Participant: 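Following this message is one structure expressed as structure tokens.
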Amino acid sequence: MSNFENAKEQYAAFGVDAEQALQTLQQVRISMHCWQGDDVMGFDSDALTGGIATTGNYPGRARNPEELMADIRKAYSLIPGKHKLNLHASYRITDEKVDRDKLEPKHFAAWVDFAKEEGIGLDFNPTFFGHEKLVDNMTLSHPDKAIRDFWIEHGKASRKIANYFGEELGITALDNIWVPDGTKDVPADRIGPRARLKDSLDQILAEKYDKKNMMDAVEGKVFGIGVESYTVGSHEFYMNYAAKNGIMCLLDTGHYHPTEVVSDKISSMLLFNDNIALHVSRPVRWDSDHVIKLDDELKELSEELVRCDALQKTFIGLDFFDASINRIAAWTVGMRNMQKALLYALLTPNDQLKAAQDNRDFTSVLVGLEEIKTLPFGEVWSEFCRRNNVPVDGQWYPVVKQYENDVLSKRN
Ligand code: RNT
Ligand code: ZN
């Protein structure tokens, strides 16, 4: 009997169908963020602003579209399944000197070609940072109408681009709005900027698109660097805005107070929204955007998605950027960890555990959740890798090292 067959029997003894888990996982597309590959620089700016930061100077940052695409391809070749790529507006590919308010679908045609070749979907984000019109930490909430109008046009242009992605690829694109707006110190007026943000969003979202092609999300946050006291787009702001306007609220796991966890928010969001979106990240003491580990919170988050039967209702995207390690390894570890956490959740006897909870048999819940920890999870994961023709654990990092030697180390 193979190790996998043996593992299947052990899971079956707990009432879990490992075959079914593998099939369900195969259907899940995770959106891999392009910005891990170049430290969030993009192709239209030379500085990262907006209260987010990358640290480290590991060699091999992608400096242009060709390098970034090659690096992304390399990462995908090491990740089981077919996924999505998450782009920012700053990654437009063109020789034109086009500003962000004037972007059009054609400026992203090269990415659509890339997606078709790779068999992946695309997601999109307007870029409200790394630009001279981010003035005094404000964009859509700025008191100056001319500044707001520029960004409103950018927001509208971005939705059109996301719609084009959906049309071209036949996979719904997410358009996610995050703005860095806020103040360093305690403000004198909190409601004014929020009212302006609300009005700007209403204008951006006025045009209706077919939800088959694109869906909208708004991403809140607790604070950023230089924006420590007040964030205009807070969680409450966007949670209410999304519910009232029938769009998605995107929860970034790094955007809450340190002991607040997104795993506990998912069930509440799902009772009031048809869909949700996630940025899976790993905050270390703050919104530090470390590469996600297969830690308890990632598992708990995944358990919630599985228990709430929300895998097909959730746009799962990753959002981290570490410039101190090999960037292709960062993507690969993060994507594979997200999949591992989902697989772990799919291999949990959820029906039995729910029944025990409803019977107030909390002892069985505790025992059950602890005992599955020592089941041969790794054998099922290896089988998933084999079926998808990608290296099992222990065999992909040498491939990245080889690429680092051959390609990355030659970049300045
Ligand atoms: C910032 C937000 C936002 C960005 C990316 C680059 O705190 O998390 O999602 O990280 O859009
Ligand atoms: Zn995010």
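Index from 1, following the sequence. Read the numbers this way: they start at 1 and go in the same order the structure lists the ligands and their atoms. This is a predicted model, so every value here is computed, not measured.
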Participant: For the residue pair Thr348 and Asn350, confirm or rule out a side-chain donor-acceptor distance under 3.5 Å.
Facilitator: no

Participant: Any side-chain donor paired with an acceptor under 3.5 Å for His235 and Tyr256?
Facilitator: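 There is such a pair (donor and acceptor under 3.5 Å, judged by atom type) between the side chains of His235 and Tyr256.
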
Participant: Can you list the ligand 1 atoms lying under 4.0 Å from a non-hydrogen atom of Phe321?
Facilitator: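 Listed by number with element, the hits are 10 (O).
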
Participant: For the Zn ion (ligand 2), find the closest N/O/S atom on Glu219 and give its atom name.
Facilitator: OE2

Participant: Give the atom numbers and elements of ligand 1 that come within less than 4.0 Å of a heavy atom of Asp287.
Facilitator: 7 (O)

Participant: Do Arg100 and Glu153 come close enough that some side-chain heavy atom pair is under 4.5 Å?
Facilitator: no

Participant: Identify the closest protein heavy atom to atom 11 (O) of ligand 1: which residue and atom is it, and at what distance?
Facilitator: His88 NE2, 2.7 Å

Participant: Who's the nearest protein heavy-atom neighbour of atom 9 (O) of ligand 1, and how far?
Facilitator: Glu219 OE1, 2.8 Å

Participant: Is any side-chain heavy atom of Val390 less than 4.5 Å from a side-chain heavy atom of Phe384?
Facilitator: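 The answer is no; the side chains never approach within 4.5 Å.
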
Participant: Give a yes or no on whether His279 keeps an N, O or S atom under 2.8 Å from the Zn ion (ligand 2).
Facilitator: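 Looking at His279, which is the residue asked about, there is an N, O or S atom under 2.8 Å from the Zn ion (ligand 2).
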
Participant: Any side-chain donor-acceptor pair under 3.5 Å between Ser90 and His88?
Facilitator: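 There is no such pair between these side chains.
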
Participant: Relative to ligand 1, is Asn176 under 4.0 angstrom through side chain, backbone, both or neither, heavy atoms considered?
Facilitator: neither

Participant: Please confirm whether Asn125 approaches ligand 1 to less than 4.0 Å, judged on its heavy atoms.
Facilitator: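 No, Asn125 has no heavy atom closer than 4.0 Å to ligand 1.
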
Participant: Determine the minimum heavy-atom distance between Ser200 and Arg148, stating which atoms define it.
Facilitator: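 Result for this residue pair: OG-CD, 3.7 Å.
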
Participant: What protein heavy atom sits nearest atom 10 (O) of ligand 1, and how far off is it?
Facilitator: Asp319 OD2, 2.8 Å

Participant: Applying the side-chain contact (heavy atoms from CB on, under 4.5 Å) criterion to Asp319, which one of Val280, Asp252, Thr253 satisfies it?
Facilitator: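 Checked Val280, Asp252, Thr253 against Asp319; only one passes side-chain contact (heavy atoms from CB on, under 4.5 Å): Asp252.
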
Participant: Looking only at distances, please establish whether an N/O atom of ligand 1 is found under 3.5 Å from an N/O atom of Asp252.
Facilitator: yes

Participant: Near Lys221, which atoms of ligand 1 are under 4.0 Å from a heavy atom of that residue?
Facilitator: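 In order of number, 1 (C), 7 (O).
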
Participant: Is His255 touching ligand 1 with its side chain, its backbone, both, or neither, if touching means heavy atoms under 4.0 Å apart?
Facilitator: side chain

Participant: Run the ring-centre check on Phe114 versus Trp111 and record whether the distance is less than 6.0 Å.
Facilitator: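 Close enough - the centres of the two rings lie under 6.0 Å apart.
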
Participant: As an exercise, identify every atom of ligand 1 less than 4.0 angstrom from a heavy atom of Ile52.
Facilitator: 1 (C), 7 (O)

Participant: Hey, what's the angle at the Zn ion (ligand 2) spanning OD2 (Asp319) and OD2 (Asp252), nearest 10 degrees?
Facilitator: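 For OD2 of Asp319 and OD2 of Asp252, the angle centred on the Zn ion (ligand 2) reads 90°.
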
Participant: Only one of Phe129, Phe128, Phe124 passes ring pair (Phe, Tyr, Trp, His ring centres under 6.0 Å) with His154; say which it is.
Facilitator: Phe128

Participant: Give the numbers and elements of all ligand 1 atoms closer than 4.0 Å to a heavy atom of His279.
Facilitator: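 Listed by number with element, the hits are 9 (O).
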
Participant: Could you verify whether a donor N or O on one side chain and an acceptor N or O on the other, from Asn86 and Asn125, lie under 3.5 Å apart?
Facilitator: yes

